[in-house]
Amino acid sequence: MNSKNSEKATLGGGCFWCTEAIFQAIKGVKNVVSGYSGGIAPGHPTYREVCSGLTGHAEVVQLTYDTHVISYKEVLTLFMTTHDPTTLHKQGADTGSQYRSAIFYHNEVQKEIAEQVVSNMESYYDGPIVTEVSPLKIFYEAEEYHQDYYRNNKEALYCKAVINPKLSTLREAYGDKLKKVSVK
């Protein structure tokens with residue numbers, strides 16, 4: 001992929017394991033890294049510190065995508081429809097500010113698109129959207145055991161109970177946007 005065609009998006013949609021699994025399945029998404037952003041505590045936070053709620057960081061993914069295959073607007077539309085952007089500091093059973101819905105934009109163009117997508121999505125939901133739209137200040141990569149979590153732990157209870165249903169819904173709603181999976 002030519003770096004001219006490559007952009008990054010940083011998104012918080014609750015547990016980063018779910019958001020990572022969703023975007024790893026999308027055509028044009030080349031890389032997804034789980035991490036933390038949006039906090040107030042200085043230095044590289046640990047998972048334990050983020051889960052305490054005291055650092056102010058959100059669990060996020062930072063994805064690199066090919067703009068010739070998928071646009072930022074399409075990335076955000078997928079994001080906004082694959083988690084609940086109407087619940088403040090909560091996704092499913094996960095609660096706390098680290099699970100907030102957030103779009104951390106990388107530049108002013110991304111900010112404008114993010115605000116437009118959030119506004120356009122208001123009619124899609126019954127309640128008001130509470131997704132934070134903020135500038136990306138810094139992205140901290142999460143610990144290695146969080147990377148490729150779903151791919152490495154498909155038999156884990158969380159993956160079966162939470163991620164599998166999200167991926168099933170993704171296949172139904174966005175089958176044309178998914179990478180082809182080779183059968184061996």
Test side-chain hydrogen bond (donor to acceptor under 3.5 Å, both in side chains) applied to S37 and H57, step by step: CA-CA 5 Å; S37 196; H57 290 88; over 6 Å; no
Exercise: identify the closest heavy-atom pair between [X] and [Y]:
{"X": "K160", "Y": "P165", "result": "O-CD, 3.5 Å"}
{"X": "A102", "Y": "F79", "result": "O-CZ, 3.6 Å"}
{"X": "P85", "Y": "T131", "result": "CB-OG1, 3.2 Å"}
{"X": "L76", "Y": "A114", "result": "CD1-CA, 3.5 Å"}
{"X": "T81", "Y": "Y125", "result": "CA-OH, 3.5 Å"}
{"X": "E143", "Y": "Y47", "result": "OE2-N, 2.7 Å"}

Group every Ile, Leu, Val, Met, Phe, Trp and Tyr by side-chain heavy-atom contacts under 4.5 Å, then state whether [X] and [Y] land in the same group.
{"X": "I70", "Y": "V32", "answer": "yes"}
{"X": "Y36", "Y": "V33", "answer": "no"}
{"X": "V29", "Y": "L136", "answer": "no"}
{"X": "Y174", "Y": "V69", "answer": "no"}
{"X": "Y140", "Y": "Y145", "answer": "yes"}

Would you compute the distance between atom [atom1] of [X] and atom [atom2] of [Y] and round it to the nearest 0.5 angstrom?
{"X": "T19", "Y": "K166", "atom1": "OG1", "atom2": "NZ", "result": "6.5 Å"}
{"X": "N152", "Y": "E144", "atom1": "CG", "atom2": "CD", "result": "8.5 Å"}
{"X": "Y72", "Y": "I103", "atom1": "OH", "atom2": "CD1", "result": "5.5 Å"}
{"X": "H83", "Y": "C15", "atom1": "NE2", "atom2": "SG", "result": "12.5 Å"}
{"X": "N120", "Y": "I113", "atom1": "CG", "atom2": "CD1", "result": "11.5 Å"}
{"X": "Y150", "Y": "C18", "atom1": "OH", "atom2": "SG", "result": "10.5 Å"}

Would you confirm whether [X], through its side chain, and [Y], through its main-chain N or O, come within 3.5 Å as a donor-acceptor pair?
{"X": "E74", "Y": "S71", "value": "yes"}
{"X": "D148", "Y": "R151", "value": "no"}
{"X": "T82", "Y": "L78", "value": "yes"}
{"X": "Q110", "Y": "K8", "value": "yes"}
{"X": "N153", "Y": "Y149", "value": "yes"}
{"X": "K90", "Y": "G92", "value": "yes"}

Residues T55, E49; criterion side-chain hydrogen bond (donor to acceptor under 3.5 Å, both in side chains); working and verdict: CA-CA 7 Å; T55 71; E49 291 168 339; over 6 Å; no
Residues, nucleotides or ligands: over 12 heavy atoms within 6.0 Å of D126 CG: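 Atom CG in D126 is not packed in, count stays at 12 or less.
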SB check R100 E59 (cutoff 4.0 Å):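 E59 and R100: not salt-bridged.
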Close side-chain approach of [X] and [Y], heavy atoms under 4.5 Å:
{"X": "M121", "Y": "M80", "result": "yes"}
{"X": "S168", "Y": "R171", "result": "yes"}
{"X": "V117", "Y": "T77", "result": "yes"}
{"X": "Y105", "Y": "P135", "result": "yes"}
{"X": "H106", "Y": "Q62", "result": "yes"}

Sole candidate of [options] that passes side-chain contact (heavy atoms from CB on, under 4.5 Å) when paired with [X]:
{"X": "V61", "options": "W17, F139, F16", "value": "F16"}
{"X": "L178", "options": "L167, I22, I26", "value": "I26"}
{"X": "F23", "options": "L63, N31, L170", "value": "L63"}

Check: H89 ring centre within less than 6.0 Å of Y99 ring centre: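 Centroid separation for H89 and Y99: 6.0 Å or greater.
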CA sep, side-chain torsions, deciding dist, call: T64, K30, side-chain hydrogen bond (donor to acceptor under 3.5 Å, both in side chains): CA-CA 6 Å; T64 305; K30 301 299 181 186; over 6 Å; no
Side chain to side chain contact (heavy atoms under 4.5 Å, CB included) between T86 and V130, intermediate numbers included: CA-CA 5 Å; T86 67; V130 296; 5.6 Å; no
